[in-house]
Amino acid sequence: IPEGGWARNPDGWCEVRQSLALDVPQSYRVPVVGWGLLGGYAGFSHFAQIPFYRTAVRSALESGDLSLLSLAGVRYILVAKKDGRFNLPGRPAAQAGPFDIYRNDDAFPRVFAVHRVRRCHARTEADAAVRALAAEGKLREEAVVLQPLPLPSGEADAQVSLTYEEPRPERVVVEASTQSDALLVLNERYDNGWRAFCDGRPAPLVEVDGALMGTYLPQGDHRIEFVYRPRGLILGRAITLSSLLATLALIALGLAAGRARRRGQQSAR
């Protein structure tokens, strides 16, 4: 929070934006992990995911452990210069306005595959399992899910080829080739509005490691699509389309009635 608080700085990160030329929370492909309620994109908090992000930030601040932030794909860490709690030995900091910026080269990629999956039946159990995997350095080898899903148990070093494109912010397309079944993880905050499709058919979408999203990836070559289609948006589109059709119908009826009146007037003459 800048000096004077948000009330005196309605633009918030003004000094950083001047240095980085980015409107951080709203920029496409720049998700933000922050303290408190911020988890994923600012303004789209998922309360069940708050423990994950709080633990991730606390671990970084208190012990310099970036494992959970790395899992969430965090590549840069901005720390106010006045905050002396944060220190990453061996990682030089760049300067940007009132912040020190640290680069994290261990951040997980946008998409990755995991061949071992552990299913938990309660969120507290899942959160504990994720912290244990982080402590053991095994987050790249095993994932934790809550929802039912075919559970791959292949070798962690099985060959996987992944390429992806993001034609729109609400759509990610992954071309995948794997030698054994796996869990395909998209480094994006899990939300009920997302849908997954495998080769054009609906696929199960699950919350991965308490914050991310993923879907079952069968052995072989497949095209996986992640599409954001919240129910509210679908309902809103349906209402808008119905209203538009109703308006067009009323206009058409009005025009038809006008023509009928004119014909009647001409006949009367």
Side-chain angles (χ1 to χ4, degrees), residues 27-33 39-41 49 52 56 66-76 103-119 126 129-130 133-134 136-229:
S27 293
Y28 176 32
R29 298 181 183 175
V30 187
V32 176
V33 174
Y41 289 100
Q49 297 172 356
F52 173 89
L66 302 182
S67 55
L68 291 179
L69 289 182
S70 296
L71 172 64
V74 173
R75 295 190 180 277
Y76 298 94
R103 178 182 172 89
N104 178 24
D105 293 324
D106 298 324
F108 280 44
R110 180 64 167 150
V111 292
F112 59 94
V114 179
H115 288 86
R116 296 177 184 172
V117 177
R118 182 189 311 181
R119 185 187 173 195
V130 172
L133 289 174
E136 299 170 5
K138 294 183 178 180
L139 287 172
R140 290 184 179 271
E141 303 172 15
E142 186 173 354
V144 177
V145 301
L146 282 169
Q147 301 92 332
L149 183 79
L151 301 180
S153 58
E155 297 297 328
D157 58 352
Q159 292 296 317
V160 180
S161 174
L162 301 173
T163 58
Y164 73 95
E165 61 172 332
E166 298 182 67
R168 299 190 305 274
E170 74 280 7
R171 180 168 176 254
V172 181
V173 182
V174 183
E175 299 290 345
S177 178
T178 176
Q179 293 181 342
S180 64
D181 296 353
L183 175 70
L184 178 65
V185 183
L186 174 65
N187 213 319
E188 176 80 37
R189 186 186 61 78
Y190 175 83
D191 185 271
N192 291 331
W194 284 92
R195 303 287 183 267
F197 299 87
C198 180
D199 300 327
R201 296 184 295 273
L205 185 70
V206 297
E207 187 177 20
V208 179
D209 291 340
L212 310 180
M213 71 174 75
T215 189
Y216 180 68
L217 177 62
Q219 179 181 5
D221 300 333
H222 301 280
R223 179 183 177 89
I224 307 295
E225 293 184 71
F226 296 93
V227 182
Y228 189 63
R229 292 179 181 173

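FYI, side chains are in, hydrogens and waters are out, and symmetry mates aren't considered; it's all heavy atoms of this structure. Just so we're clear, the structure is a prediction, and the values are computed from it rather than from any experiment.
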Chemist: Which heavy-atom pair separates Leu139 from Ser67 by the least distance, and what is that distance?
Modeler: CD1-O, 3.8 Å
Chemist: With sequence neighbours left out, what residues match Arg223 under side chain to side chain donor-acceptor pair (under 3.5 Å)?
Modeler: Glu175
Chemist: So, using side chain to side chain donor-acceptor pair (under 3.5 Å) as the criterion, who are the partners of Ser161 when residues are at least two apart?
Modeler: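 Expected list: none.
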Chemist: Would you name the heavy atoms of Leu146 and Ala126 that are closest together and state the gap between them?
Modeler: CD2-CB, 4.0 Å
Chemist: Hey, which of Val227, Val173, Thr215, Ile224 is the one that makes side chain to side chain contact (heavy atoms under 4.5 Å, CB included) with Phe197?
Modeler: Val227
Chemist: Apply side-chain contact (heavy atoms from CB on, under 4.5 Å) to the pair Tyr216 and Val117, showing each step before the final yes or no.
Modeler: CA-CA 10 Å; Tyr216 180 68; Val117 177; over 6 Å; no
Chemist: Using the salt bridge (Lys or Arg N to Asp or Glu O under 4.0 Å) criterion, which residues pair with Asp106? Sequence neighbours excluded.
Modeler: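 For Asp106 the salt bridge (Lys or Arg N to Asp or Glu O under 4.0 Å) partners, ignoring immediate neighbours, are Arg91.
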Chemist: Measuring from atom CH2 of Trp194 to atom CZ of Arg189, what distance do you get when rounded to the nearest 0.5 angstrom?
Modeler: 10.0 Å
Chemist: To the closest 0.5 Å, what do you measure between CD (Glu188) and CD (Glu166)?
Modeler: 8.0 Å
Chemist: For the pair Asp181 (side chain) and Pro218 (backbone), establish whether a donor and an acceptor sit closer than 3.5 Å, ignoring hydrogens and angles.
Modeler: no
Chemist: Given 3.5 Å as the limit, does a donor-acceptor pair link the side chain of Asn187 with the main chain of Leu71, or not?
Modeler: yes
Chemist: Would you mind writing out the side-chain donor-acceptor pairs for residues 201-211 within the sub-3.5 Å range, not counting sequence neighbours?
Modeler:
from, atom 1, to, atom 2, distance (Å)
Glu207, OE1, Arg123, NH2, 2.6
Glu207, OE2, Gln49, NE2, 3.3
Asp209, OD1, Val144, N, 2.8

Chemist: Determine whether Val74 and Leu66 make a side-chain contact, defined as any pair of heavy atoms from C-beta on separated by less than 4.5 Å.
Modeler: no
Chemist: Just wondering, do Ser177 and Gln159 contact through their side chains at under 4.5 Å, heavy atoms?
Modeler: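 Answer no - side chains too far apart.
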Chemist: Taking only residues two or more places apart in sequence or in another chain, which ones pass side chain to side chain donor-acceptor pair (under 3.5 Å) with Tyr76?
Modeler: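 Once residues adjacent in sequence are excluded, the partners of Tyr76 under the side chain to side chain donor-acceptor pair (under 3.5 Å) criterion are Arg103.
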Chemist: Just how far is it from atom CG of Leu133 to atom CD of Glu141, taken to the nearest 0.5 Å?
Modeler: 9.0 Å
Chemist: Do Leu184 and Phe226 touch side chain to side chain, with heavy atoms closer than 4.5 Å?
Modeler: yes
Chemist: Verify, without hydrogens or angle tests, whether Arg119 (side chain) and Val145 (backbone) share a donor-acceptor contact under 3.5 angstrom.
Modeler: no
Chemist: Which heavy-atom pair separates Ala107 from Arg140 by the least distance, and what is that distance?
Modeler: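 Nearest pair, atom of Ala107 first, then Arg140: O-NH2, 3.9 Å.
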Chemist: Could you work out, with side chain to side chain donor-acceptor pair (under 3.5 Å) as the rule, every residue matching Glu225, not counting sequence neighbours?
Modeler: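 Here the qualifying residues are Arg171.
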Chemist: If you take all heavy atoms of Leu68 and Ala56, which pair is closest and at what distance?
Modeler: CB-CB, 3.6 Å
Chemist: Counting distance only, does the side-chain N/O of Gln219 pair as donor-acceptor with the main-chain N or O of Gln179 below 3.5 Å?
Modeler: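 Side chain of Gln219 to backbone of Gln179: a pair is present.
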Chemist: Checking Phe112 now: which residues fulfil ring-ring contact (aromatic ring centres under 6.0 Å, His included) with it, not counting sequence neighbours?
Modeler: Phe108
Chemist: With the side chain counted from C-beta on, respond yes when Leu186 and Arg110 share a heavy-atom pair under 4.5 Å apart, and no when they do not.
Modeler: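 The answer is yes, as the side chains (C-beta and beyond) meet within the 4.5 Å cut-off.
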